[in-house]
Every structure is written in structure tokens, then in C-alpha cells.
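Below is one structure, written out as C-alpha cells; the observations come after it.
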Amino acid sequence: MKKILLGAAIAVFGMGALQAQDNFGIKGGVNFADLGGDDNDVETLTAFHIGGFAQFEISDTFMIQPELLYSSQGAQSEEDSELKFRLNYINVPIMAKLLVADGLSAEIGASIRFCCE
């Protein structure tokens with residue numbers, strides 16, 4: 001697990017050597033995770049995600065934004081709130097960010113996810 005996390009951190013934040021640094025930041029929030037299907041008796045599990053990002057300016061209106069996030073997801077039993085199914089992930093999204101107007105941007109990208117039980 002430590003090797004995966006270290007490798008992901010080097011891949012994401014190592015891009016700083018290739019581009020001029022624009023800014024770094026942290027991200028966090030709440031996850032409302034659930035399992036879908038007709039025959040299950042589970043309800044939403046409230047969890048969290050937290051991590052960091054770096055933005056590298058390519059031009060005045062285009063940036064690359066790699067991120068490294070820890071995310072907890074899963075579900076819990078409707079009948080027994082102590083019975084929980086939880087998965088922990090390390091997500092490594094790489095976003096292309098286009099500034100559309102002042103204070104407004106659009107992002108598109110891909111993500112690699114590592115499960116870390």
C-alpha cells in the first residue's frame with residue numbers, strides 16, 4: 001500500500017519539474033455512497049474524501065491539474081447500522097482545465113483508482 005501511495009504521489013506532483021508551478025491546493029468533501037440493485041437491503045453510507053492538487057498553466061486559458069485523493073465509499077445495512085461495507089481508494093485524476101470566462105472553467109479528464117482496503 002505504501003508503495004502505491006508513494007508512486008502515485010511522485011507521478012502526480014513530479015510533474016512540477018516539467019512545468020512552471022502555478023498553484024497547489026487541498027480538496028475535501030463528503031461522499032454519500034450506496035450499492036445499487038433491486039434485492040439489497042442497504043442504505044447510504046456517509047464518508048469523506050480528502051487530498052491535494054497542483055495546477056500547471058500551459059497557456060492563459062488552459063491548465064493541467066493532477067490530483068491525489070483518498071476516498072472512503074461503501075454502504076451500510078438498513079437493519080443493523082453496525083454492519084458496514086467500506087472500501088477505501090486512492091484516486092489519481094488528471095484533469096485538463098479550460099478557463100471559459102473570469103471565474104468559470106470547464107474540466108475533463110481521466111482517473112486511476114487503487115483500492116486499499
Side-chain angles (χ1 to χ4, degrees):
M1 171 58 201
K2 290 180 183 178
K3 290 179 184 178
I4 292 173
L5 183 59
L6 180 62
I10 290 170
V12 169
F13 295 107
M15 293 180 72
L18 301 175
Q19 300 290 330
Q21 302 178 106
D22 189 28
N23 72 44
F24 293 88
I26 59 172
K27 294 178 88 167
V30 178
N31 290 341
F32 300 104
D34 199 351
L35 296 175
D38 295 332
D39 298 331
N40 61 14
D41 60 342
V42 296
E43 59 185 30
T44 302
L45 178 69
T46 304
F48 67 95
H49 63 271
I50 189 165
F53 68 90
Q55 259 182 13
F56 303 102
E57 188 175 311
I58 306 301
S59 72
D60 290 340
T61 58
F62 183 72
M63 294 174 234
I64 299 295
Q65 181 174 308
E67 302 176 4
L68 181 63
L69 305 169
Y70 169 82
S71 177
S72 182
Q73 301 169 16
Q76 64 186 14
S77 173
E78 289 178 352
E79 297 156 3
D80 182 5
S81 63
E82 296 297 316
L83 183 59
K84 295 179 183 179
F85 175 71
R86 186 181 304 264
L87 293 172
N88 300 306
Y89 293 99
I90 300 294
N91 297 318
V92 185
I94 310 261
M95 308 299 291
K97 186 173 187 176
L98 180 65
L99 298 177
V100 179
D102 190 29
L104 179 66
S105 63
E107 296 179 2
I108 190 169
S111 180
I112 299 169
R113 179 181 292 180
F114 303 97
C115 186
C116 53
E117 299 181 35

- Query: Stepwise, does the side-chain contact (heavy atoms from CB on, under 4.5 Å) test hold for L68 with F53?
  - Reply: CA-CA 6 Å; L68 181 63; F53 68 90; over 6 Å; no
Grouping ILVMFWY residues whenever side-chain heavy atoms fall under 4.5 Å, the cluster of M95 otherwise contains none
* To do: Find out if a path of hydrophobic residues (ILVMFWY) with successive side-chain heavy-atom gaps under 4.5 Å connects L98 to M63.
  => no
Here the gap from I58 atom CD1 to K97 atom NZ, rounded to the nearest 0.5 Å, amounts to 13.0 Å
- Query: Just checking, any donor-acceptor pair under 3.5 angstrom between side chains of E67 and Q65?
  - Reply: yes
> Would you say P66 and F56 make side-chain contact, with heavy atoms under 4.5 Å?
Replying inline: yes
inquiry  = We want to know whether N88 and S72 form a side-chain donor-acceptor pair, criterion being a heavy-atom distance below 3.5 angstrom.
reply    = yes
When rounded to the nearest 0.5 Å, the distance separating CG of N91 from CD of Q73 is 7.0 Å
Do N31 side-chain atoms and S71 backbone N/O form a donor-acceptor pair below 3.5 Å? no
CD of E107 to CD1 of I94, rounded to nearest 0.5 Å, is 12.5 Å
Taking the side chain as C-beta and beyond, is there a heavy-atom pair between L69 and Y89 under 4.5 Å?
no
Applying ring-ring contact (aromatic ring centres under 6.0 Å, His included) to Y70 and not counting sequence neighbours gives F48
Sequence neighbours excluded, the answer for side chain to side chain contact (heavy atoms under 4.5 Å, CB included) partners of L104 is V100, A101
